[in-house]
Peer 1: 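Below you'll find the structure I mean.
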Amino acid sequence: MKTQAAVAWKSGAPLSIETVDLEGPRAGEVLVEIKATGICHTDWYTLSGADPEGIFPAILGHEGAGIVVDVGPGVATLKKGDHVIPLYTPECRQCKFCLSRKTNLCQQIRATQGRGLMPDATSRFSIRGKPVFHYMGTSTFARHTVVPEIALAKIREDAPFDKVCYIGCGVTTGIGAVIFTAKVEAGANVAVFGLGGIGLNVIQGAKMVGADKIIGIDINPARQEMARKFGMTHFINPKEVDNVVDAVVQLTGGGADYSFECIGNTQVMRQALECTHKGWGQSIIIGVAEAGAEISTRPFQLVTGRQWKGSAFGGARGRTDVPRIVDWYMDGKININDLITHTLPLEKINDGFELMKRGESIRAVVVY
Ligand SMILES: NC(=O)C1=CN([C@@H]2O[C@H](COP(=O)(O)OP(=O)(O)OC[C@H]3O[C@@H](n4cnc5c(N)ncnc54)[C@H](O)[C@@H]3O)[C@@H](O)[C@H]2O)C=CC1
Ligand SMILES: N[C@@H](CCC(=O)N[C@@H](CSC=O)C(=O)NCC(=O)O)C(=O)O
Ligand SMILES: [Zn+2]
Ligand SMILES: [Zn+2]
């Protein structure tokens, strides 16, 4: 079939709206009509050329929601008409990683996914006979995409696509990092570095679990108002203090119980670790740093009880947890609407990237 997509021909260049050939689903695969997709900082990271796994031409996008149009042979858990959210972290429930119960990082299809291919090592997308790569196993910047069955969460049919698409990455990543990765307890003090589409969801998660002080740190003062609305109790602008670490330690009487780095800046990752409490502080890295970047601190920081952890997709097991998070939204337990600051048609997708780069949007959502 033919479909329309925003194609990334090469790094650093704007996306180009193209008519694309899309082959139907093979065994274990599902054809999805994407109804809406968010634009995440990680799409920009890959488009910028900073991602070691970035390959071109590709169809980016990993924060979508849509409807099943067709299923390939052997697909048992989904049928035409089902509403779904594609998962860049699948959940096969059979691999060593899934069975361990220690991680959400299902590895069943990770190798081919990282090479921009479907599990049988081929692409379903092409233009004028030349293959175009998939991205993160989802490629939601296309009106139609093919996704493995294990990488689709079935969601309720009354959930609005233009809001719950954000659960496909940002919402789950932020709230999940608090609930699933850090397991923040009521009364804990939390520091959140970076108050964008991810950090604001960390704040929302910290508020949900009953954290005490929720300290937001951002160089963009315009982020303060929204962060307070979502539960931030204190704000630090690094440009206005001598030392961010000291500022957090003072505010919390010794250090944050938990901190979250939601930027992708390795200097800030160090600050986020070092502002946590001696003996038990945990710092969760969420931000994705550029290829080759390394983190450092004095080992003494770890010897004295601080811990560094990472979190991908909030530690969520997508097929199990994403439908629950959709329920939380539908039950009014989490706020997504206020974070979606811009809605655009596919033709204007590059404007969405510009808004993000200028710090003017929290989430821009493309509605097909
Ligand atoms: N681990 C995971 O599963 C995921 C990771 N990410 C990554 O999380 C990071 C954040 O993504 P978004 O929230 O969408 O980005 P964003 O661009 O919306 O937000 C980043 C925020 O950090 C602030 N900031 C930049 N430099 C700063 C500094 N030196 N100190 C304090 N604040 C600073 C910016 O003003 C902005 O408000 C990105 O690196 C993204 O790739 C995104 C989704 C999932
Ligand atoms: N491709 C990059 C790594 C990018 C990365 O860390 N992705 C996150 C999700 S970011 C979503 O917006 C993730 O889930 N990582 C786990 C994984 O298996 O990719 C690189 O090669 O550095
Ligand atoms: Zn993302
Ligand atoms: Zn698995």
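Atoms within a ligand are numbered from 1 in the order they appear, just like the ligands themselves. Throughout, numbering of the chain's residues begins at 1 and tracks the sequence.
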Peer 1: What is the nearest protein non-hydrogen atom to atom 19 (O) of ligand 2, stated with its residue, atom name and distance?
Peer 2: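 For atom 19 (O) of ligand 2, the nearest protein heavy atom is R110 NH2, 2.9 Å.
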Peer 1: Looking just at side-chain N and O atoms, do Y258 and N189 make a donor-acceptor pair shorter than 3.5 Å?
Peer 2: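 No, no side-chain donor-acceptor contact under 3.5 Å.
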Peer 1: For a quick check under 3.5 Å, do Q107 and K96 share a side-chain donor-acceptor pair by atom type?
Peer 2: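 No.
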Peer 1: Need one value: angle at the Zn ion (ligand 4), C92 atom SG versus C95 atom SG, rounded to 10 degrees.
Peer 2: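 Between SG of C92 and SG of C95, at the Zn ion (ligand 4), the angle is about 110°.
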Peer 1: I would like to know whether R324 and D321 meet salt bridge (charged side-chain N to carboxylate O under 4.0 Å, His left out); could you show each step before the answer?
Peer 2: CA-CA 5 Å; R324 291 168 57 207; D321 294 324; 2.7 Å; yes
Peer 1: Check for me whether the distance between the ring centres of F193 and F260 falls short of 6.0 Å.
Peer 2: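 No: the rings miss the under 6.0 Å criterion.
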Peer 1: For the Zn ion (ligand 3), count the protein N, O or S atoms found under 2.8 Å away.
Peer 2: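 That number is 3, waters not included.
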Peer 1: Return yes if a side-chain donor-acceptor contact under 3.5 Å exists between R93 and T320, otherwise no.
Peer 2: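 Note: R93 and T320 side chains meet the donor-acceptor criterion.
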Peer 1: For atom 17 (C) of ligand 2, is some protein heavy-atom partner under 4.0 Å away?
Peer 2: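 Within 4.0 Å: yes, protein heavy atom nearby.
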Peer 1: Please confirm whether the backbone N or O of C169 pairs with a side-chain atom of T172, one donor and one acceptor, at under 3.5 Å?
Peer 2: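 Absent.
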Peer 1: Using a strict cut-off of 4.0 Å, indicate which atoms of ligand 2 neighbour a heavy atom of E53.
Peer 2: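 With E53 as reference, the close atoms of ligand 2 come out as 1 (N), 2 (C), 21 (O).
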Peer 1: Can any side-chain N or O of E63 pair as donor or acceptor with the backbone N or O of I167 at less than 3.5 Å?
Peer 2: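 No; zero donor-acceptor contacts below 3.5 Å.
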Peer 1: With sequence neighbours excluded, tell me which residues meet salt bridge (Lys or Arg N to Asp or Glu O under 4.0 Å) with K2.
Peer 2: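 Applying salt bridge (Lys or Arg N to Asp or Glu O under 4.0 Å) to K2 gives D21.
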Peer 1: For C40, counting its heavy atoms only, list the atoms of ligand 2 lying under 4.0 Å from any of them.
Peer 2: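 Those of ligand 2 that fall under 4.0 Å from C40 are 12 (O).
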Peer 1: More than 12 non-hydrogen atoms from neighbouring residues, nucleotides or ligands closer than 6.0 Å to NZ on K213, yes or no?
Peer 2: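 Atom NZ in K213 is packed in, count exceeds 12.
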Peer 1: My understanding is that we take every heavy atom of each candidate and find the minimum distance to atom 21 (O) of ligand 2. Doing that for G38, P52, G287, A312, which one comes out nearest?
Peer 2: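 The nearest heavy atom belongs to P52.
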Peer 1: Which residue and non-hydrogen atom of the protein lie closest to atom 11 (C) of ligand 2, and at what distance in Å?
Peer 2: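 It is T42 OG1, 3.4 Å.
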Peer 1: Given L195, which of V202, I203, I362 fulfils the side-chain contact (heavy atoms from CB on, under 4.5 Å) condition?
Peer 2: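 By the side-chain contact (heavy atoms from CB on, under 4.5 Å) criterion, L195 pairs with just one of V202, I203, I362: I203.
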Peer 1: Can you tell me which portion of M136 lies within the under-4.0 Å heavy-atom range of ligand 2? Options are side chain, backbone, both, or neither.
Peer 2: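 The answer is the side chain.
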Peer 1: Give the atoms of ligand 2, by number and element, whose distance to some non-hydrogen atom of C169 is under 4.0 Å.
Peer 2: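 So the answer, numbered in order with elements, is 11 (C), 12 (O).
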Peer 1: Could you walk me through whether Y88 and F313 pass the ring-ring contact (aromatic ring centres under 6.0 Å, His included) test, one step at a time?
Peer 2: CA-CA 8 Å; Y88 59 84; F313 195 41; 5.0 Å; yes
Peer 1: Given D43, I285, D51, V288, which has its nearest heavy atom closest to atom 5 (C) of ligand 2?
Peer 2: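 Considering heavy atoms of D43, I285, D51, V288, the nearest to atom 5 (C) of ligand 2 sits in V288.
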Peer 1: State whether a side-chain donor-acceptor pair under 3.5 Å links E18 with W9.
Peer 2: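 W9 and E18 do have a side-chain donor-acceptor pair below 3.5 Å.
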Peer 1: Among all protein heavy atoms, pick out the one at the shortest distance from atom 9 (C) of ligand 2; state its residue, atom name and that distance to 0.1 Å.
Peer 2: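 Here the nearest protein heavy atom works out to Y88 CE1, 3.6 Å.
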Peer 1: What atoms of ligand 2 come within less than 4.0 Å of a heavy atom belonging to H62?
Peer 2: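 Those atoms are 11 (C), 12 (O).
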